[in-house]
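Structure first, commentary second.
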Amino acid sequence: MGKLIIFEGLDGSGKGTQTALTAQKLKAHGVDLRQITFPNYESDSSALVKMYLSGQFGDKPDDVNAYAASSFYAVDRFASYKTDWGDFYRAGGLILSDRYTTSNAVHQCAKLPPMHWDGFLNWLFDFEYKKIGIPAPDAVVYLAVDPEVSQKLMDQRYHGDESKKDIQEKDREYIARSRAAAEYCAKMFGWYRIECTEGQDVKTIRSVEDINAEILAKIQPIL
Ligand SMILES: Cc1cn([C@H]2C[C@H](O)[C@@H](COP(=O)(O)O)O2)c(=O)[nH]c1=O
């Protein structure tokens with residue numbers, strides 16, 4: 001079997017940038033790897049995810065319960081494992097993934113009261129890694145960003161146009177709950193927590209290179 005490393009964090013935490021930069025750095029050192037991302041919007045398997053995020057099942061994240069929404073994302077992963085990266089992984093390849101089951105853990109837990117998180121997380125990991133049968137990660141890199149900072153970055157990404165945000169990105173209270181769930185999961189499951197902001201009163205984002213150097217040092221032992 002190969003190795004699977006996940007990049008996780010709130011929307012606007014720099015996961016895409018850090019996944020790509022890590023891939024680039026490792027490739028430059030001769031490491032053979034595949035980079036993947038979820039949701040896999042290019043594939044038909046993301047149809048239900050797209051319906052959900054565009055508000056076709058209701059315009060608030062809570063209109064679709066944690067279990068139903070998780071299943072949409074899980075089948076998308078199953079399809080990509082079967083048709084895209086499964087062979088490479090089983091032949092011993094290294095996969096770097098921008099989001100994975102861990103995004104269900106973070107964003108779907110947020111719909112439940114904390115007393116139900118453990119039950120949901122047990123169900124989720126059993127469903128995706130055992131019942132559906134996609135691989136469990138070898139390491140999860142969690143990019144921790146204060147919600148106010150990640151929201152500013154999201155606003156910059158969309159040039160202040162709220163209509164470009166999906167239903168999860170629009171709901172600030174839901175984002176705060178997602179942050180709490182992410183912190184809980186990071187502690188509970190031993191994710192590598194990378195603090196991406198700095199400063200006391202005014203928080204700013206650390207430089208991309210600085211964050212990446214910390215990530216490379218953390219994942220080195222498992223490569
Ligand atoms: C991949 C994935 C994403 N999500 C959420 C995170 C984002 O709010 C939203 C869309 O992802 P994106 O912002 O990376 O396009 O879907 C889940 O809830 N579960 C998952 O498994």
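All ligand and atom numbering here is 1-based and tracks the order in the structure. Just so you know, these numbers come straight off a predicted model, no measurement behind them. Basis for what follows: all heavy atoms, side chains included, without hydrogens, waters or symmetry-related copies.
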>> Please determine whether the number of non-hydrogen atoms from other residues, nucleotides or ligands lying under 6.0 Å from atom NZ of K25 exceeds 12.
In response: yes
For Y100 and E8 the tightest heavy-atom approach is N-OE1, 4.0 Å
E214/R206 salt bridge by N-O under 4.0 Å criterion | yes
closest protein heavy atom to atom 10 (C) of ligand 1 is Y41 OH, 3.4 Å
Nearest non-hydrogen protein atom to atom 13 (O) of ligand 1, with distance, is D11 OD1, 3.2 Å
Nearest heavy-atom contact between H107 and G9 is NE2-O, 4.2 Å
Honestly, for D98 the part within reach of ligand 1 (heavy atoms, under 4.0 Å) is neither
For R177 and K111, the nearest pair of non-hydrogen atoms, with its separation, is NH1-CA, 3.8 Å
Near E169 (heavy-atom distance under 4.0 Å), the atoms of ligand 1 are 13 (O)
Can you tell if the side chain of R77 reaches within under 4.5 Å of the side chain of T101, non-hydrogen atoms only? yes
Atom 14 (O) of ligand 1 has as its nearest protein heavy atom R99 NE, 2.7 Å
- Task: Please report the C-alpha distance between Y142 and F7 in whole Å, then the side-chain angles of each, then the deciding distance to 0.1 Å, and finally whether the ring-ring contact (aromatic ring centres under 6.0 Å, His included) criterion is met.
- Result: CA-CA 6 Å; Y142 163 49; F7 290 74; over 10 Å; no
Legend entry - Flag if over 12 foreign heavy atoms under 6.0 Å of NZ, K50: yes
Honestly, for F38 the part within reach of ligand 1 (heavy atoms, under 4.0 Å) is both
re atom 3 (C) of ligand 1, the protein heavy-atom contact at minimum distance is Y73 CE2, 3.3 Å
All heavy atoms of F125 vs all of A105, minimum pair found to be CZ-CB, 4.1 Å
Per-atom filter on ligand 1: closer than 4.0 angstrom to a heavy atom of Y100 are 21 (O)
Ranked by distance from atom 8 (O) of ligand 1, the top protein heavy atom is Q168 NE2, 2.7 Å
Near R77 (heavy-atom distance under 4.0 Å), the atoms of ligand 1 are 1 (C), 20 (C), 21 (O)
Under 4.0 Å between heavy atoms, the region of L53 that gets near ligand 1 turns out to be side chain
If you scan protein heavy atoms around atom 18 (O) of ligand 1, the nearest is Q108 NE2, 2.9 Å
Discussion item. When you measure from the heavy atoms of K15 to every atom of ligand 1, does any distance fall below 4.0 Å?
Written reply: no
In terms of the angle between their ring planes, are Y81 and W85 parallel, tilted or perpendicular, with boundaries placed at 30° and 60°?
-> perpendicular
- Task: Kindly confirm or rule out an N or O of D166 lying under 3.5 angstrom from an N or O of ligand 1.
- Result: no
For atom 19 (N) of ligand 1, the closest protein heavy atom turns out to be N104 OD1, 2.9 Å
